[in-house]
Amino acid sequence: MSERLLVCVGWPYANYFLHVGQAAGAYIPADIFVRYERLAGNEVVMVSGSDCHGTPITVTAEREGISPRDVVDRYHPKILETWEKLGITSWSIYTTTLTENHYATTQEIFLRLLERGYLEKRTADQLYDPEAERFLPDRYVEGTCPHCGYKEARGDQCDNCGKTLDAVELIEPRSRFTGATPVLRSSEHYFLMLTKFQDQLGEWLAKQTHWRRNVLNFSLGWITEGLQDRAITRDISWGVPVPVEGWDAKRIYVWFDAVIGYLSATREWAQNKGEPDDWKRFWLDPAAKQYYFIGKDNIPFHTIIWPAMLMGHGEYELPYEVAANQYVNFSAGQKQSKSKGTGTWVLELLERYSADTVRFYLTQIMPETADSEFREEELIRANNDILIATWGNLANRVISMIHRNFDGVVPATGELSPESVALIGDARATFATAGAEFHACHFRSGLQESLKLAQLANRYLDDRAPWKAVKTDREHAAETLATALNVINALKVLLHPVLPFSTAELHEDMALEGSIEDGGWAYAPVPGGTRLGGPRPLYVKIDTTAQAAGPA
RNA sequence: GGCAGGGUAGCUCAGCUGGUCAGAGCGCACGACUCAUAAUCGUGAGGUUCGAGGGUUCGAGCCCCUCCCCUGCUACCA
């Protein structure tokens, strides 16, 4: 019984390189999930794209003296390159928010909500920079803190005393763009009437007991505090135009259009393959489950705002799972942040380490329940002492022995001994346990299950010592090596979601027909008589002595 | 300030609804083995008992209260 899944992954802003936190928090887990679910025989559509609107883009554009469009043209390809090199290649579609289809879909949702009474116009006073001729977000206003007198306080918060501020409270306020003194000017905006969804959202959230505790508690906290209507337009010129007469000077708020991206991307996917209505199977059918992979900062947008928009629209299904991860912190206790310029970029890391090494380590420290810490020494240790020692070496020692003693041809076996039967039973069982963990979005423990099997196989080899047996009892050795190879073949599949590159190489070496994907999530023995390639090391050991001088 | 998550062996972390819950991996020590990328396998030391202090209970990392520390969010930066 196959399931139909829509996997939605948070849209990265196309304003910089991707950092390790984003990879470990959203993209690698989503990729593992999709690879597993497809192996398990489920139909999966995976969508995302580069978010090309929003303040981060315009800020970068101003800083670099180029247009927002130029920023996107510069960084979107870098993101695509990152996917390619890191093996995040399960996308059904990876698009951008600049497509005609996305603009049309966003405006369609906007008008639908307007028509159904879930959007309202309101006027509010906002700070305005008369020199730059633009309204100022709170963070773009600086001044003296009314509480502690700190002169560099930002409009939303004072970094010195930590108090939350309202930009109009600042003493001697100035615009961060021009230094001009902001003036109050009234501005009209559309608001999403979240208050109208208070009860409906509360009831819906209460039923999501399968969600991670922090995701659920955080969302329920918003409900308990009471939702507030939220402005979904901005006084800017970069973004999706407001589809209402006389609103040419404003644009739709980036978060409103970004979440709609999941829907518009699914439509684009369907168009691309020539079945323009196929997206409906994922949005209109309750049998299809939506999974969202995001960082924890995006939780409210996916558990409150987007569901409210969908409820307001009235026809589409709501999220099934919101697998929000915590953050990956860095040695100095600094958070990984684009704006502060700290941290390790994925592309940079991939210049020094193989994609599978990076994926392996990031899966091990995946911040599923709590923030975790990235340390380059630990990455090296995980590669050398676990990935290679437990798994890479297992494959290598067995294939080497088959080459040395059986000319590289997998020996046929007769009746198996109890130890071999037991080990194969363990391999079969691991498909069930690791699969269940992956399906539940527990990627660390899913990986652990496979590593346990590798350890059992190593133990089995030591117990049966085929290198010794081959001299006295060739059939005993043949059984051992064939069995071990079968378990390695199982591990190749079990580890494929996490380690797609090296398991594909191993698959080639086994000279089996088709791809790993064709085989599915199940134990399958390697036929006796198969001629193996290799042996070759699947992973490169990292020299720790030479590494010391490298940048952190 | 408010809200959320976290503080468990040297390190990174598991511990679901309270009763083998004091654990895993790495590191370390010792032993075995030598097929393998000096990899593997076994054994063991290590936590003054799970941030501090109270409390509930027959029984608490797991529940309640207070305090300390770390991280994030606080609605216009992942």
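Residue numbers begin at 1 in each chain, while the letters A, B, ... track the order of the sequences.
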If we count only N and O atoms by modelled type, under 3.5 Å, do the side chains of [X] and [Y] hold a donor and an acceptor together?
| X | Y | answer |
| --- | --- | --- |
| A:Arg464 | A:Ser417 | yes |
| A:Trp306 | A:Tyr292 | yes |
| A:Asn458 | A:Arg397 | yes |
| A:Ser354 | A:Tyr539 | no |

Any side-chain heavy atom of [X] sitting closer than 4.5 Å to one from [Y]?
| X | Y | value |
| --- | --- | --- |
| A:His53 | A:Ile236 | no |
| A:Trp83 | A:Leu18 | yes |
| A:Trp247 | A:Lys121 | yes |

Provide the Watson-Crick or G-U wobble partner of [N], both distances under 3.5 Å; none if there is no partner.
| N | result |
| --- | --- |
| B:C26 | B:G10 |
| B:U40 | B:A32 |
| B:A60 | none |
| B:G18 | none |
| B:U71 | B:A4 |

Base contacts versus sugar-phosphate-only contacts with protein, heavy atoms under 4.0 Å: please encode nucleotides 29-34 of chain B as B, S and - from 5' to 3'. ----SS
Taking the same atom, [atom1], in [N] and in [M], what whole-Å distance lies between them?
| N | M | atom1 | result |
| --- | --- | --- | --- |
| B:C21 | B:U17 | P | 15 Å |
| B:C73 | B:C64 | P | 26 Å |
| B:A32 | B:G46 | C1' | 24 Å |

Nearest-neighbour nucleotide for the [X] side chain, [options] considered:
| X | options | answer |
| --- | --- | --- |
| A:Arg397 | B:C35, B:A78, B:C41 | B:C35 |
| A:Pro537 | B:C35, B:U37, B:A75 | B:U37 |
| A:Trp222 | B:C41, B:A78, B:A75 | B:A75 |
| A:Arg404 | B:A78, B:C35, B:A39 | B:C35 |
| A:Arg234 | B:A78, B:C76, B:C35 | B:C76 |
| A:Ala389 | B:C41, B:U40, B:C35 | B:U40 |
| A:Tyr539 | B:A78, B:A75, B:U37 | B:U37 |
| A:Asn458 | B:C76, B:U37, B:C41 | B:C41 |

By the 4.0 Å heavy-atom rule, please label A:Trp255 as base, sugar-phosphate, or nothing. sugar-phosphate
Output field: ring centroids A:Phe374/A:Tyr361 closer than 6.0 Å: yes
Has the side chain of A:Asn396 got a donor or acceptor atom sitting under 3.5 Å from an opposite partner on the base of B:A36? no
The residue, A:Leu461 or A:Leu394, whose nearest nucleotide of RNA chain B is more 5′ is A:Leu461
Reading RNA chain B from 5' onward, which residue's closest nucleotide shows up sooner: A:Ile305 or A:Val540? A:Val540
Does A:Arg230 put a side-chain nitrogen or oxygen below 4.0 Å from OP1 or OP2 of B:C76? yes
Show me the pairs that pass salt bridge (Lys or Arg N to Asp or Glu O under 4.0 Å) and involve residues 438-451 of chain A, at least two apart or across chains. A:Glu449-A:Lys452
Looking at A:Phe256, I'd like to know if the NZ or CZ of A:Arg251 sits under 6.0 Å from its six-membered ring centre while staying within 45 degrees of the ring's axis. no
Interatomic distance, A:Asn384 CG vs B:U40 C1' [rounded to whole Å]: 16 Å
To the nearest 0.5 Å, what is the distance between OG1 (A:Thr233) and CD1 (A:Ile252)? 8.5 Å
Grab the N/O contacts between the protein and nucleotides 26-28 of chain B below 3.5 Å, and write none if there aren't any.
unit_1	atom_1	unit_2	atom_2	d
B:G27	OP1	A:Asp385	OD2	3.0

